[in-house]
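Written out below as structure tokens is the structure these notes cover.
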Amino acid sequence: QVQLVESGGGLVQTGGSLRLSCAASGGTFSSGAMAWFRQAPGKEREFVARIVWSIGNTYYADSVKGRFTISRDNAKNTVYLQMNSLKLEDTAVYYCAGQSTLLFGRSGGDYWGQGTQVTVSS
């Protein structure tokens, strides 16, 4: 069974940067994709970014496009989310998702990390 372990969350000021990591063990998503979602208190889970593992195609929510970058390290079986120019509205719990099939798209995944808190303050 694949497990996803997230790290890198924390407290930053507006305009600052943070890098999240998600390490997969017990398997790979070489035929699928990995993605990041986030959920703020009282709000629905929101798609953030996605990367197709085999070819590296990336997709972003409009709210983070130009500020966030998703990437992967094949050797470490790890996906990253580099977050720059952070805003107050980026505050949320960020979840890493594994997608065994590309059909998940921006809707979710079948494997999930434990979540990591990102708090942006002014």
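FYI, the numbering just counts along the sequence from 1.
Here the closest non-hydrogen pair linking Val93 and Gly115 is CG1-CA, 3.9 Å. The two atoms that bring Ser63 and Glu46 nearest to each other are OG-OE2, 3.7 Å, heavy atoms only. A pairwise comparison of heavy atoms in Val118 and Met83 identifies CG2-CE, 3.9 Å as the closest pair.
In the hydrophobic clustering of ILVMFWY residues, with side-chain heavy atoms under 4.5 Å counting as a link, Ile55 and Tyr59 come out together. Cluster annotation: Phe68 is connected to Val120 through the hydrophobic network of ILVMFWY side chains, with a link wherever side-chain heavy atoms come within less than 4.5 Å. Val64 and Tyr80 end up in different hydrophobic clusters when Ile, Leu, Val, Met, Phe, Trp and Tyr side chains are linked at under 4.5 Å. Taking hydrophobic clusters as Ile, Leu, Val, Met, Phe, Trp and Tyr residues chained together by side-chain heavy-atom distances below 4.5 Å, Trp53 shares a cluster with Tyr60. Linking ILVMFWY residues whenever their side-chain heavy atoms come closer than 4.5 Å, directly or via other members, places Trp36 and Val12 in the same cluster.
For the side-chain contact (heavy atoms from CB on, under 4.5 Å) with Cys96, the lone residue among Leu81, Leu20, Leu4 that qualifies is Leu4.
For Arg50, there are no salt bridge (Lys or Arg N to Asp or Glu O under 4.0 Å) partners at least two apart in sequence or on another chain. Scanning for side-chain contact (heavy atoms from CB on, under 4.5 Å) contacts around Gln82 gives Ser17, Arg19, Thr69, Asn84, with sequence neighbours left out. Applying the salt bridge (Lys or Arg N to Asp or Glu O under 4.0 Å) criterion to Arg67, with sequence neighbours excluded, gives Asp90.
The distance from the CD atom of Gln117 to the OG1 atom of Thr91 is 7.5 Å, given to the nearest 0.5 Å. Atoms CG and CG, from Asn57 and Leu102 in turn, are 9.5 Å apart once rounded to the nearest 0.5 Å. The distance from atom CD of Glu89 to atom NZ of Lys43, rounded to the nearest 0.5 Å, is 8.5 Å. With values rounded to the nearest 0.5 angstrom, Leu88 atom CG is found 5.5 Å from Ser122 atom OG. Rounding to the nearest 0.5 angstrom, the gap separating the CE atom in Met34 from the OG atom in Ser71 is 11.0 Å. Annotation: the span from Thr119 atom OG1 to Gln13 atom CD amounts to 13.0 Å, rounded to 0.5 Å.
Evaluation of the disulfide bond (SG atoms under 2.5 Å apart) test over residues 30-86, restricted to residues two or more places apart or in two chains, returns none. Residue pairs meeting the ring-ring contact (aromatic ring centres under 6.0 Å, His included) criterion with at least one member in residues 89-122, sequence neighbours excluded: Phe29-Tyr111, Phe37-Trp112.
At most 12 non-hydrogen atoms from other residues, nucleotides or ligands lie less than 6.0 angstrom from CD of Gln3.
Judged by distance alone, with hydrogens and angles left aside, the side-chain atoms of Gln99 form a donor-acceptor pair with the main-chain N or O of Gly108 at under 3.5 Å.
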Please tabulate, for the side chains in residues 21-28, all donor-acceptor contacts under 3.5 angstrom to protein atoms that are two or more places apart in sequence or on a different chain.
{"from": "Thr28", "atom 1": "OG1", "to": "Ser30", "atom 2": "OG", "distance (Å)": "3.4"}

